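Per chain, numbering begins at 1; letters A, B, ... match sequence-line order. Nothing here was measured: the structure is a model prediction, and the numbers come from that model.
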There are 2 protein chains.
Amino acid sequence: MALRHAVLAALLDGELSGYELTKAFDIGVANFWHALPQQLYAELARLEKEGLIAGREVVQDSRPNKRLFHVTEDGVGELERFAAAVGKPSFIRDDLLVAVQAADVVDAGELIARLGERAAFADAKIELFERLLARMRGDRGEEEFLGRGRRVGPYLTCLRGLAFEEGNRDWCRRAAEVLRRRARVAEER
Amino acid sequence: MALRHAVLAALLDGELSGYELTKAFDIGVANFWHALPQQLYAELARLEKEGLIAGREVVQDSRPNKRLFHVTEDGVGELERFAAAVGKPSFIRDDLLVAVQAADVVDAGELIARLGERAAFADAKIELFERLLARMRGDRGEEEFLGRGRRVGPYLTCLRGLAFEEGNRDWCRRAAEVLRRRARVAEER
DNA sequence: ATTGATTAGTCAGATTCTTGAGTATCATGG
DNA sequence: CCATGATACTCAAGAATCTGACTAATCAAT
């Protein structure tokens with residue numbers, strides 16, 4: 001049941017609409033959790049019913065109206081309990097890794113192509129995370145921001161997201177290089 | 001539907017029983033996918049019914065009998081198709097990251113404790129992965145093994161697992177250090 | 001003038017994953 | 001002699017997640 005806590009944690013940044021939340025949890029951004037809009041709207045409804053968040057209607061004239069949510073005191077309490085409980089370690093679950101595990105029987109060309117695509121995707125996320133980090137720390141240096149900044153939680157999770165994608169990129173490049181080298185050697189014979 | 005392909009990929013290593021599979025997919029080992037025994041036995045049954053794997057009964061006298069499975073030609077074909085299809089990028093989903101996202105409102109001491117536990121867990125996995133890698137490459141150097149070894153798929157995924165856990169460990173240490181530093185500064189005031 | 005993108009959501013259904021319990025045998029240690 | 005742990009699996013139920021479709025308005029571009 002971490003989705004509810006992920007939503008609570010995201011709402012600490014300030015009031016957000018369901019739609020804004022969906023962008024934060026989008027596959028292209030999510031630096032600490034991922035979820036689809038349908039899940040998020042359902043979770044927002046549950047959280048509001050339980051009093052962990054509260055919403056207020058905002059009437060807009062040039063766009064559809066929206067509801068902005070914020071975490072209540074009870075919601076913060078729930079987060080406290082969550083943070084104090086032991087969580088299970090995260091594990092890897094990745095289609096591309098499955099394909100590479102089967103590298104010795106599948107077409108190397110296809111695999112190399114997938115690895116290239118993933119590396120490019122990782123590059124894009126790396127750039128995105130770097131921009132996010134720069135925006136969060138403003139004109140301060142990283143050490144100064146982490147020492148004295150107001151909200152370091154999102155910064156820290158963004159750092160993990162960045163390192164994760166750097167790991168993805170480096171590994172994809174390495175794996176592709178290994179497979180290319182082996183393909184060349186196989187051809188020579 | 002990557003679990004089925006993960007099972008197929010795992011069975012490329014040689015004949016395995018359901019029980020042996022469960023150990024490979026265990027939270028403590030899984031370097032390319034994770035799943036519980038219940039899922040694996042169910043998936044094995046489905047795969048056998050569809051003819052992608054085949055099993056043979058092995059009678060043992062000092063232990064319960066078991067069934068060893070291997071991938072059929074159709075199974076390899078299925079893996080080929082899977083590897084050629086684009087997969088969605090993997091994303092992060094981690095309780096501990098959620099907790100750190102909320103770092104600015106939850107108890108820092110608890111969070112630091114969780115980060116320490118996770119770093120220790122990562123350390124254990126790092127050691128495990130390093131042993132696995134050493135065993136796979138035998139007396140050859142890494143470059144030589146990757147260039148000429150028979151089965152490099154599992155080696156490559158294990159490398160990713162290793163890098164992932166190193167990333168976890170480093171980030172946990174860094175985040176804990178930042179939180180400790182901030183706690184000290186807060187106390188001094 | 002209409003197509004496509006963005007904002008702001010909702011509904012139903014299927015699949016996947018997790019929780020929790022249970023069966024049965026054999027080996028090992030105290 | 002009994003408890004624990006490893007081997008080898010199974011069943012049921014529920015929670016979480018994903019697929020796919022749908023409404024409805026505004027804005028920018030063709």
Side-chain angles (χ1 to χ4, degrees), chain A residues 1-7 15-30 33-50 53 55-69 82 85-95 98, chain B residues 1-7 15-30 33-50 53 55-69 82 85-95 98:
Chain A
M1 291 211 300
L3 174 58
R4 58 192 304 101
H5 302 107
V7 170
E15 283 188 320
L16 289 177
S17 70
Y19 187 73
E20 287 162 335
L21 256 192
T22 66
K23 280 182 295 181
F25 281 78
D26 181 72
I27 208 163
V29 193
W33 200 268
H34 152 77
L36 296 168
Q38 295 92 319
Q39 265 178 287
L40 292 168
Y41 283 110
E43 198 60 55
L44 283 172
R46 264 193 295 272
L47 286 167
E48 191 178 22
K49 209 175 66 189
E50 292 172 35
I53 62 174
R56 62 183 183 92
E57 185 92 14
V58 172
V59 180
Q60 304 181 110
D61 45 272
S62 81
R63 305 188 168 285
N65 295 346
K66 61 182 173 181
R67 303 197 60 215
L68 293 182
F69 295 94
F82 173 75
V86 275
K88 4 175 169 174
S90 72
F91 34 73
I92 288 183
R93 226 171 222 175
D94 187 335
D95 282 15
V98 172
Chain B
M1 289 210 301
L3 174 57
R4 58 191 304 101
H5 303 105
V7 170
E15 284 187 320
L16 290 177
S17 69
Y19 187 73
E20 287 163 333
L21 255 193
T22 66
K23 280 181 295 181
F25 281 78
D26 181 71
I27 207 163
V29 194
W33 200 266
H34 153 78
L36 296 169
Q38 294 92 321
Q39 261 179 290
L40 292 169
Y41 283 110
E43 199 60 53
L44 283 172
R46 264 193 296 272
L47 286 168
E48 190 179 22
K49 211 176 65 190
E50 293 172 35
I53 63 174
R56 62 184 182 90
E57 186 91 15
V58 171
V59 180
Q60 304 181 109
D61 45 271
S62 81
R63 320 194 151 279
N65 295 344
K66 62 180 173 184
R67 303 196 61 217
L68 293 183
F69 295 94
F82 174 74
V86 274
K88 7 184 163 164
S90 72
F91 35 74
I92 289 182
R93 225 171 224 172
D94 188 334
D95 282 16
V98 172

Within the 4.0 Å heavy-atom criterion, would you say B:Phe25 contacts the bases, only the backbone, or no part of the nucleic acid?
nothing
Once you apply a heavy-atom cut-off of 4.0 Å, does A:Phe69 come out as touching a base, just sugar-phosphate, or nothing?
nothing
Which of these nucleotides, C:dC17, D:dC18, C:dT16, is closest to any side-chain atom of B:Trp33?
C:dC17
Any side-chain heavy atom of B:Ile27 sitting closer than 4.5 Å to one from A:Pro89?
yes
Taking C-beta and beyond as the side chain, do A:Val29 and B:Phe91 meet within less than 4.5 Å on heavy atoms?
no
Send over the distance from B:Leu40 CG to D:dT10 P, rounded to a whole Å.
12 Å
With a 4.0 Å limit, can you tell me whether A:Tyr19 has a side-chain N or O closer than that to the phosphate oxygens OP1/OP2 of C:dG9?
no
Length of the CG-P vector between A:Asp95 and D:dC18, whole Å:
12 Å
Please determine whether a side-chain nitrogen of the Lys or Arg among B:Arg46 and B:Glu43 lies less than 4.0 Å from a carboxylate oxygen of the Asp or Glu.
yes
State whether A:Tyr41 places a side-chain N or O below 4.0 Å from either non-bridging phosphate oxygen (OP1 or OP2) of C:dT10.
no
Side chains of A:Leu68 and A:Glu20: closer than 4.5 Å at any heavy-atom pair?
yes
Result for 5'-nearest mapping on DNA chain C, choosing between B:Glu43 and B:Leu36, is B:Glu43
DNA chain D in dot-bracket form (Watson-Crick or G-U pairs under 3.5 Å, [ ] crossing, | inter-strand) is ||||||||||||||||||||||||||||||
Could you check whether any side-chain N or O of B:Tyr19 sits under 3.5 Å from a backbone N or O of B:Pro37, counting only pairs where one atom can act as donor and the other as acceptor?
no
In whole Å, what is the span from the CD atom of B:Glu48 to the P atom of D:dC9?
11 Å
Within this structure, what is the CD-to-P distance between B:Gln60 and C:dA27, rounded to whole angstrom?
11 Å
Using whole Å, report how far CE of A:Met1 lies from C1' of C:dT18.
13 Å
Decide yes or no on side-chain contact (heavy atoms from CB on, under 4.5 Å) for A:Leu3 and A:Val7, but give the supporting numbers first.
CA-CA 6 Å; A:Leu3 174 58; A:Val7 170; 4.1 Å; yes
Spacing of A:Asn65 atom CG relative to D:dA25 atom P, expressed in whole Å:
12 Å
Which part of the nucleic acid, if any, lies within reach of B:Arg93 when heavy atoms closer than 4.0 Å are counted: base, sugar-phosphate only, or nothing?
sugar-phosphate
Selection from C:dT7, C:dG9, C:dT18 that lies nearest to any side-chain heavy atom of A:Lys23:
C:dT7
When rounded to the nearest 0.5 angstrom, what is the spacing between CG in A:Asp95 and CH2 in B:Trp33?
5.0 Å
So does B:Thr22 get a side-chain nitrogen or oxygen closer than 4.0 Å to the phosphate oxygens (OP1/OP2) of D:dA8?
no
Minimum-distance nucleotide (side-chain atoms of B:Lys66 versus C:dT18, D:dC9, C:dA27):
D:dC9
For the side chain of A:Arg93 and the backbone of B:His34, is there at least one donor-acceptor N/O pair under 3.5 Å apart?
yes
Of all the choices, D:dT10, C:dA27, C:dA8, which nucleotide is nearest to the side chain of B:Gln38 once you look at every atom?
D:dT10
In whole Å, what is the span from the CG atom of A:Leu16 to the P atom of C:dA8?
11 Å
Can you check the B:Lys88 NZ to D:dC18 C1' distance for me, whole Å?
8 Å
